[in-house]
Visitor: 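Okay, here's the structure, questions in a sec.
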Amino acid sequence: SVLMKKLAIAAVAGAVMVSASGCSLVTSGKRIIRVSHAQSETHPEHLGMLAFKEYVEEHLGDKYEVQIFPNEILGSAQKAIELTQTGAIDFVIAGTANLETFADVYEIFSMPYLFDSEEVYRSVMEDTDYMENIYKSTDEAGFRVVTWYNAGTRNFYAKTPINTPEDLKGKKIRVQQSPASVDMVNAFGAAAAPMGFGEVYTAIQQGVIDGAENNELALTNNKHGEVAKYYTYNKHQMVPDMLVANLKFLNSLSPEELQVFKEAAALSTEVELVEWDKSIKEAKQIAAHDMGVTFIETDVEAFKAKVLPLHQKMLENNPKIRDFYQYIQTVNDSRKGDH
Ligand code: GCU
């Protein structure tokens, strides 16, 4: 896998050198589209990307070939976002926590207990008109989001049970490389340890950290359930992953081509959402029955109370999230009677 990584990096570096020397990124007459993501080849996002590839090649296959690089082989999230910014690669799937240091507006999703329910979260993400404005607002960063994928609800898991917020005290918990996530985990009373996704398994195994926080697929797809046996449904975040495109690449497309890429992106989301729900059900089964993970239901309100003051603090510090926050509150309020 280290060799794979080196080969993949060499391929991209080669492409960059070619483009720097004035030739275009063309092999056998086709423009190669490179997509990087952090997940395994059985993950819903990879299946979504396969549909994306198939759709693009079915409609524009004489001109474009889509190559998907899974498992962080082109680098962990932050590195892959930089490659997308500069145009060394064309697309990356990145979690909003990793995007927030590149484009302030995405910090909103790191806000704990932002959405009152999964229904609110989904309806906001599916409001294409509203989200389009958010996606377009980061052009100055050199990239634009083209669609979203469900990355579920994030919860704590560790080597020892977390039944109440007090159980987080003194625990070292891995967070993403996101200042807002660091603040959140510290506000819960734990000690935040930011690191890349690919390092988490070994860090738990070797006792460098006590646990982490993620959706259920981290237990199975990334095997964290082998080393952390307690998963607590405290539900601190509902978050999307974003399909991020290099802006110059999008602008280089004809209107007809852009339309095909947009349709491919929309299709990849449809596929991902269906696969997501299936995968989560399966992951819970596998984690509980084959890996011996205990799932703990808890008093979510007790966890919420610890971190709600962060809403005000984040809104004060980041003007870019204020409108979006207000909008989400109106959706929260409109659904209040539903539960
Ligand atoms: C999930 C999420 C990724 C994120 C990762 C992490 O897998 O889908 O976008 O990077 O968690 O915690 O680093």
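Both counts, for ligands and for their atoms, begin at 1 and track the order of listing. Just so it is clear, the values below take in all heavy atoms, side chains as well, and ignore hydrogens, waters and symmetry mates. Bear in mind the structure is a predicted one, so any value in this text is a computation, not a measurement.
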Visitor: Give me the nearest non-hydrogen protein atom to atom 11 (O) of ligand 1 as residue plus atom name, then the distance to 0.1 Å.
Guide: Asn214 ND2, 3.0 Å
Visitor: With sequence neighbours left out, what residues match Glu132 under side chain to side chain donor-acceptor pair (under 3.5 Å)?
Guide: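 Scan of Glu132 (side chain to side chain donor-acceptor pair (under 3.5 Å), adjacent residues dropped) gives none.
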Visitor: Please tabulate, for side-chain N and O atoms in residues 277-286, each donor-acceptor pair with protein atoms closer than 3.5 Å (sequence neighbours left out).
Guide:
| unit_1 | atom_1 | unit_2 | atom_2 | d |
| --- | --- | --- | --- | --- |
| Asp277 | OD1 | Arg122 | NH2 | 2.9 |
| Asp277 | OD2 | Arg122 | NH2 | 3.4 |
| Lys278 | NZ | Glu275 | OE2 | 3.4 |
| Ser279 | OG | Glu275 | O | 2.7 |
| Gln285 | OE1 | His289 | ND1 | 3.3 |

Visitor: Who's the nearest protein heavy-atom neighbour of atom 8 (O) of ligand 1, and how far?
Guide: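 Nearest protein contact, heavy atoms only, for atom 8 (O) of ligand 1 is Asp241 OD2, 2.5 Å.
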Visitor: Examine His43 against ligand 1 and note whether any of their N/O atoms are separated by less than 3.5 Å.
Guide: no
Visitor: Say whether Arg154 and ligand 1 are in contact under the criterion: heavy-atom distance to a ligand atom below 4.0 Å.
Guide: yes
Visitor: Relative to atom 13 (O) of ligand 1, which among Gln177, Arg174, Gln78 owns the nearest non-hydrogen atom?
Guide: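 Closest candidate by heavy-atom distance is Arg174.
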Visitor: When clusters are formed by joining ILVMFWY residues with side-chain heavy atoms under 4.5 Å apart, either directly or through shared neighbours, do Phe109 and Phe143 land in the same one?
Guide: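 Linked within one cluster.
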Visitor: Mark the output for Gln39 as yes if a heavy-atom distance to ligand 1 is under 4.0 Å, and as no if none is.
Guide: yes
Visitor: Give me the atom names and distance for the closest heavy-atom approach of Pro165 to Phe303.
Guide: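 Result for this residue pair: N-CZ, 3.6 Å.
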Visitor: I'd like to check which ligand 1 atoms, numbered from 1 as shown, lie under 4.0 Å from a non-hydrogen atom of Gly95.
Guide: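 Heavy-atom distances to Gly95 below 4.0 Å select 9 (O).
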Visitor: Hey, are Lys336 and Asp116 close enough for a salt bridge, meaning a charged N less than 4.0 Å from a carboxylate O?
Guide: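 Yes, charged N to carboxylate O under 4.0 Å.
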Visitor: With Phe91, which of Val244, Val146, Asn246 fulfils side chain to side chain contact (heavy atoms under 4.5 Å, CB included)?
Guide: Val146
Visitor: What protein heavy atom sits nearest atom 4 (C) of ligand 1, and how far off is it?
Guide: Gln176 OE1, 3.5 Å
Visitor: Can you check whether Tyr157 reaches Thr232 side chain to side chain, under 4.5 Å on heavy atoms?
Guide: no
Visitor: Under 4.0 Å from a heavy atom of Asn98: give me the atoms of ligand 1 that qualify, with their elements.
Guide: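 Near Asn98, meaning under 4.0 Å from one of its heavy atoms, ligand 1 has 10 (O).
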